[in-house]
Amino acid sequence: MAVTGSVFVAFLLFHMAGNLKVYLPDAELHFNEYAHWLRGFLNPLLPGSSFLWAFRAVIALCLVLHVYAGTTIFFRARVARGGFGRAITAKWHALTGRTMIWTGLIILCFIIFHLLDLTVGAKGVASKSFSGKATYTLEDGEVVTNAYQNLIGSFERPAVAAFYIITMVLIAIHLSHGIWSIINDFGGTASRTRSVFLVLAGLIALVIVIGNASIPLAVLAGVIS
Amino acid sequence: MRLILEVWRQDGPQAQGRFETHEITDATPEMSLLELLDRLNHQLVEQDQDPVAFESDCREGICGTCGIDINGVPHGPEDNVPACGQHVRSFHDGQTVRIAPFRAKSFPVIRDLIVDRTGLDRIIQAGGTVAVDAGTAPDADTIRITHHDAEEALDFAACIGCGACVSACPNGAAYLFTGAKLAHLRLIPAAQQERSKRARSMVAQMEQEFGPCSQIGECALACPAKIPLRAIAAVNRERIRAGFRSRSKEN
């Protein structure tokens, strides 16, 4: 859980840093340039989008392992509890820890939706912009997919924007317990290290929710278009 | 003080259990919860009924024998206090108090409020013994240990093995218990020789009978010996360390 979870924490932070390019002046250019750069990352050392696909394979493997480990813990815990319910008394980490499976399942549904919406551009899920194959011409004249317009098009649908915002809150809750658990799973017994992780858990969760959820809000409010 | 007690009655391991309601009219705020049960049993015997079976020994919080769930919380409403140290003053006049045995799959009920906690003994047995030189007593300072390590080992050695952590845990895990033992022994110079072997076998035994840990933190609140949540990380620390070492090595 902790190994795959750490990969996701790193991924989420980099993903958010890329997303925040929508706030730059000339956002459409920078965002599309960045999306194009990601596709050809490590060119010409590696051909075409090979890095991207290798990266996707690693993330997908982590996802499968993470979901497998999480459900195993859930079912083993149910058996070990023996049918006697337990009230929540230890406050925040009892609440977040015991809802990991549920926040996790919603996040899993979100990941599938998010991929269909902004990566694949599946009919019925993605916005009209994606179905219309919106393109953008970079400064060097190359014509690329207009990822920026796809994002704006997607978030202009209030229901979709709401789903993104709610999921970001759930991801923050999931992270606030997950990052704290990393130090336990890796066997960190030193008091100071543990305090650092406790603070980090809250901090990263806050940064992720503020950074990411602000984008659909900004689109809805018309700040970026 | 008047209290309504709902007490778990179960005639044997295979019998169907049920809550029985009794009224205590002369409870006093300074009574401990065990004294409250004594009072109830006195009353039951006077009425020619079977007294409630429950475990207790030292009644001063050092033996780990007592262990009951009060309103779904192991040992009772006060954090980090054993049942013998919890008092009736935590309740208000006329309150209904539900008294049940420790609850977990790995703690089957033997009778009424007594549960079988030998699962914890099996973890200790799996840990094996520590090889010490049985000759004449060594000179002081031949085996060096820092003051900090000695204090830390003693803090973890405070575990009285009552099983409240397992009962409190929504996952039925025994990580706090096992972690306290591993964290205690890993700091003692004389116990270094078997460090990896001990970690491997104790963790394997624990995983066999108890649940997984997801760092919820209920155990540390229930623990009457105030074992910190760090003990959980000690389980993983010792397990990971042993995993990196050759299986032929015991230390």
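By convention in this document, chain letters (A, B, ...) are assigned in the order of the sequence lines, proteins followed by strands, and residues within each chain are numbered from 1.
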Which atoms of [X] are under 4.5 Å from chain A, going by heavy atoms: the side chain, the backbone, both sets, or neither?
X      : result
B:E207 : both
B:V166 : backbone
B:D69  : side chain

Measure from NZ or CZ of B:R103 to the centre of the six-membered ring of B:W8, then state whether that distance is under 6.0 Å and the direction lies within 45° of the axis.
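Yes, a cation-pi geometry.
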
Between A:G85, A:S181, A:A190, which has the largest tally of heavy atom pairs under 4.5 Å with chain B?
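Going by pairs under 4.5 Å, I would pick A:S181.
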
[Y] ring center within less than 6.0 Å of [X] ring center:
X      : Y      : answer
A:H114 : A:Y164 : yes
A:H15  : A:F8   : no
A:F197 : A:W180 : no

Are B:R117 and B:E55 ion-paired here, with the side-chain N under 4.0 Å from a carboxylate O?
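B:E55 and B:R117: salt-bridged.
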
Residues B:R111, B:D116: salt bridge by 4.0 Å N-O rule
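B:D116 and B:R111: not salt-bridged.
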
Any idea which of [options] has the most non-hydrogen atom pairs under 4.5 angstrom with chain A?
options                        : result
B:A168, B:P228, B:A100, B:G179 : B:A168
B:G211, B:G72, B:P170          : B:P170
B:Q215, B:R241, B:R237         : B:Q215
B:C169, B:A173, B:A220         : B:C169
B:C213, B:P212, B:G172         : B:P212
B:S214, B:A104, B:A183, B:A234 : B:A104

Residue from A:F14, A:F41, A:F11 passing ring pair (Phe, Tyr, Trp, His ring centres under 6.0 Å) with A:F55:
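Result for ring pair (Phe, Tyr, Trp, His ring centres under 6.0 Å) with A:F55: A:F11.
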
